[in-house]
Trainee: 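Sending over a structure as structure tokens; questions will come in a sec.
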Amino acid sequence: PLPRTLELFYDVLSPYSWLGFEVLCRYKKLWNINLQLRPSLIAGIMKDSGNQPPAMLPRKAQYMKNDIMRLGEYVQVPLQLPKDFFVILEKGSLSAMRFLTAVNLEHPDMLEKVSRELWMRVWSRDEDISEPKSILAAAEKAGMSTEQAQGLLEKMSTPKVKNELKDTTNAACKYGAFGLPITVAHLDGQTHMLFGSDRMELLAHLLGESWMGPVPPAINAKI
């Protein structure tokens, strides 16, 4: 049978996006799916939907700290809490997501690796992802040449890249997103939008595939 298309809308500012991303990357070989990674801007989705980042509500923020650490362990993703999440929120992820948009337009085969390296910086090593040199370091670590990465940095401010990121973010909003990640499954002429990284069991059910936990036995997950 033909692979079913799944779209994953994500932002590297979101640790839950990282969890969902790793699980889907592990399952894309095991399930009959064509996984399309869609870099989006969480700030745009929050604004459009009238939602607030969970860290803005003290009790939610407190819960989220424990939740993220427990989930990192469970999903085998090396999540570490940054010292000051508010600084990261303030800096935002516009440059990083524009860069990933440029990667997707020019070198889509590199998108998974570069995305992962940006998450590693912000959500594992508490490093910056807003300065050009930080983005460059992540791209090189992912295996891009300096020239390639430099070329993409220059394309970040072009209307083509800016509009592509806007369009992708708008597409997520049209699917009903109020945060990230969202996974959109296109099955038998129907569209299913699932929010969050904890709906993978439900996704397996919709696909008629088997769910073997966040680290399927066939995969040795340690990143």
Trainee: Please lay out, stage by stage, how Leu6 and Leu24 fare under the test side-chain contact (heavy atoms from CB on, under 4.5 Å).
Mentor: CA-CA 9 Å; Leu6 284 191; Leu24 285 178; 4.1 Å; yes
Trainee: Between Ser134 and Glu127, do the side chains contain a donor N or O and an acceptor N or O under 3.5 Å apart?
Mentor: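 Checked: Glu127/Ser134 side chains show no N/O donor-acceptor pair below 3.5 Å.
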Trainee: Return the CG to CG distance between Leu203 and Leu187, rounded to the nearest 0.5 Å.
Mentor: 8.0 Å
Trainee: Taking atom CZ as the centre, does Arg59 end up with more than 12 heavy-atom neighbours from other residues, nucleotides or ligands that are less than 6.0 angstrom away?
Mentor: no
Trainee: Just to verify, which of His192, Met200, Glu7, Met193 counts as forming a side chain to side chain contact (heavy atoms under 4.5 Å, CB included) with Thr183?
Mentor: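 The passing option is Met200.
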Trainee: Can you list the steps and then say if Ser93 with Asp11 is a side chain to side chain donor-acceptor pair (under 3.5 Å)?
Mentor: CA-CA 8 Å; Ser93 57; Asp11 186 322; 2.8 Å; yes
Trainee: Going through the distances and angles, do Gln36 and Asn34 end up as a side-chain contact (heavy atoms from CB on, under 4.5 Å)?
Mentor: CA-CA 6 Å; Gln36 295 181 352; Asn34 159 29; 3.6 Å; yes
Trainee: Is there a continuous path of hydrophobic side-chain contacts, each under 4.5 Å between heavy atoms, that joins Leu79 to Val87?
Mentor: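 Shared cluster, no.
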Trainee: Side chains of Val161 and Leu105: does their closest heavy-atom pair fall under 4.5 Å?
Mentor: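 In contact.
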Trainee: Determine whether Val122 and Ile88 make a side-chain contact, defined as any pair of heavy atoms from C-beta on separated by less than 4.5 Å.
Mentor: yes
Trainee: Hey, does Ile129 have a side-chain heavy atom less than 4.5 Å from the side chain of Trp123?
Mentor: no
Trainee: Looking at OG of Ser14 and CD1 of Ile45, how far apart are the two atoms once the value is rounded to the nearest 0.5 Å?
Mentor: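 Spacing of OG (Ser14) from CD1 (Ile45) equals 9.5 Å.
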Trainee: Hydrophobic clustering (ILVMFWY, side-chain heavy atoms < 4.5 Å, transitive) - are Tyr16 and Phe86 grouped together?
Mentor: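 Yes: a chain of side-chain contacts under 4.5 Å links Phe86 to Tyr16.
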Trainee: Report whether Phe21 and Met212 are members of the same hydrophobic cluster (ILVMFWY, side-chain heavy atoms less than 4.5 Å apart, transitive linking).
Mentor: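 As far as the 4.5 Å side-chain criterion goes, Met212 and Phe21 are connected within one cluster.
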Trainee: Got a sec: does the NE2 of His205 have more than 12 other heavy atoms crowding it under 6.0 Å?
Mentor: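 No, because the 6.0 Å sphere around NE2 of His205 holds 12 heavy atoms or fewer from other groups.
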Trainee: The test is side-chain contact (heavy atoms from CB on, under 4.5 Å); show your working for Glu106 and Lys155 and say whether it passes.
Mentor: CA-CA 10 Å; Glu106 307 265 327; Lys155 293 205 164 103; 3.4 Å; yes
Trainee: Might you point out which heavy atoms bring Leu37 and Asn104 nearest each other, and give the distance in Å?
Mentor: O-ND2, 3.7 Å
Trainee: Do you know the tightest heavy-atom contact between Pro216 and Pro214?
Mentor: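 Smallest interatomic distance, heavy atoms only, reads CD-O, 3.4 Å.
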Trainee: The criterion is ring-ring contact (aromatic ring centres under 6.0 Å, His included); which residues satisfy it with Phe9, sequence neighbours excluded?
Mentor: Tyr175
Trainee: Any carboxylate oxygen within less than 4.0 angstrom of a Lys/Arg side-chain nitrogen, looking at Glu112 and Lys28?
Mentor: yes
Trainee: Any heavy-atom pair between the side chains of Pro39 and Phe99 that's under 4.5 Å?
Mentor: no
Trainee: As an exercise, state the distance from CE of Met46 to CG of Leu13, rounded to the nearest 0.5 Å.
Mentor: 9.0 Å
Trainee: For the atom pair OG (Ser210) and CD (Glu201), what is the distance rounded to the nearest 0.5 Å?
Mentor: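 Output value for this atom pair is 11.5 Å.
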Trainee: Less than 4.0 angstrom from a charged side-chain N to a carboxylate O is my criterion; do Asp128 and Lys91 meet it?
Mentor: yes
Trainee: If you look at every heavy atom in Lys162 and Ser157, which pair is closest and at what distance?
Mentor: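 Of all heavy-atom pairs spanning Lys162 and Ser157, the closest is CE-O, 3.6 Å.
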Trainee: Between Tyr10 and Trp18, is a ring pair (Phe, Tyr, Trp, His ring centres under 6.0 Å) present by the stated rule, with each step listed?
Mentor: CA-CA 8 Å; Tyr10 66 95; Trp18 189 12; over 10 Å; no
Trainee: Considering non-hydrogen atoms only, spot the tightest contact between Pro3 and Ile33 and give its length.
Mentor: CB-C, 3.9 Å
Trainee: Are the side chains of Met56 and Pro53 in contact, using a 4.5 Å heavy-atom criterion?
Mentor: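 Of all side-chain heavy-atom pairs linking Met56 with Pro53, at least one is under 4.5 Å.
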Trainee: To the nearest 0.5 Å, what is the distance between CD on Glu73 and CG on Leu71?
Mentor: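 Those atoms lie 10.0 Å apart.
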Trainee: What I'd like to find out is whether the side chain of Gln148 reaches to under 4.5 Å of the side chain of Leu152, using heavy atoms alone.
Mentor: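 Counting from C-beta outward, Gln148 and Leu152 never come under 4.5 Å.
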Trainee: Which residues pass the ring-ring contact (aromatic ring centres under 6.0 Å, His included) test with Tyr74, not counting sequence neighbours?
Mentor: none
Trainee: Check whether any side-chain heavy atom of Met97 lies under 4.5 Å from a side-chain heavy atom of Thr169, and answer yes or no.
Mentor: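 Met97 vs Thr169: side chains apart.
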Trainee: Determine whether a donor-acceptor pair (N or O, by modelled atom type, separation under 3.5 Å) exists between the side chain of Ser124 and the backbone of Arg121.
Mentor: no
Trainee: Hey, are the side chains of Leu100 and Leu165 touching, using non-hydrogen atoms and a 4.5 Å cut-off?
Mentor: no
Trainee: From Glu164 CD over to Arg38 CZ, what is the distance, rounded to the nearest 0.5 angstrom?
Mentor: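 One finds 7.0 Å between CD of Glu164 and CZ of Arg38.
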Trainee: Please determine if Glu209 and Arg4 form a salt bridge, counting it only when a charged side-chain N lies under 4.0 Å from a carboxylate O.
Mentor: yes
Trainee: Any link between Tyr63 and Val75 through a network of hydrophobic side chains (Ile, Leu, Val, Met, Phe, Trp, Tyr) touching at under 4.5 Å?
Mentor: no
Trainee: Under the ring-ring contact (aromatic ring centres under 6.0 Å, His included) rule, collect the residues that match up with Phe195, sequence neighbours excluded.
Mentor: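 Phe178.
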Trainee: Are the charged groups of Glu22 and Arg116 less than 4.0 angstrom apart, N to O?
Mentor: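 Yes, this pair counts.
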Trainee: Applying side-chain contact (heavy atoms from CB on, under 4.5 Å), run through Arg70 and Asn66 and close with a yes or a no.
Mentor: CA-CA 6 Å; Arg70 283 189 296 243; Asn66 298 326; 4.0 Å; yes
Trainee: Which heavy-atom pair separates Met156 from Arg98 by the least distance, and what is that distance?
Mentor: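 Taking every non-hydrogen atom into account, O-CD, 3.5 Å.
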Trainee: Taking all non-hydrogen atoms of both residues, which atom of Ala139 and which atom of Val114 are closest, and how far apart?
Mentor: CA-CG1, 4.3 Å
Trainee: Are Leu94 and Ile135 connected into the same hydrophobic cluster when the rule is that any two of I, L, V, M, F, W, Y join if their side-chain heavy atoms are below 4.5 Å apart?
Mentor: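 Same cluster.
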Trainee: Can you check whether Lys83's main-chain N or O pairs, donor with acceptor, with Asp126's side chain at less than 3.5 Å?
Mentor: yes
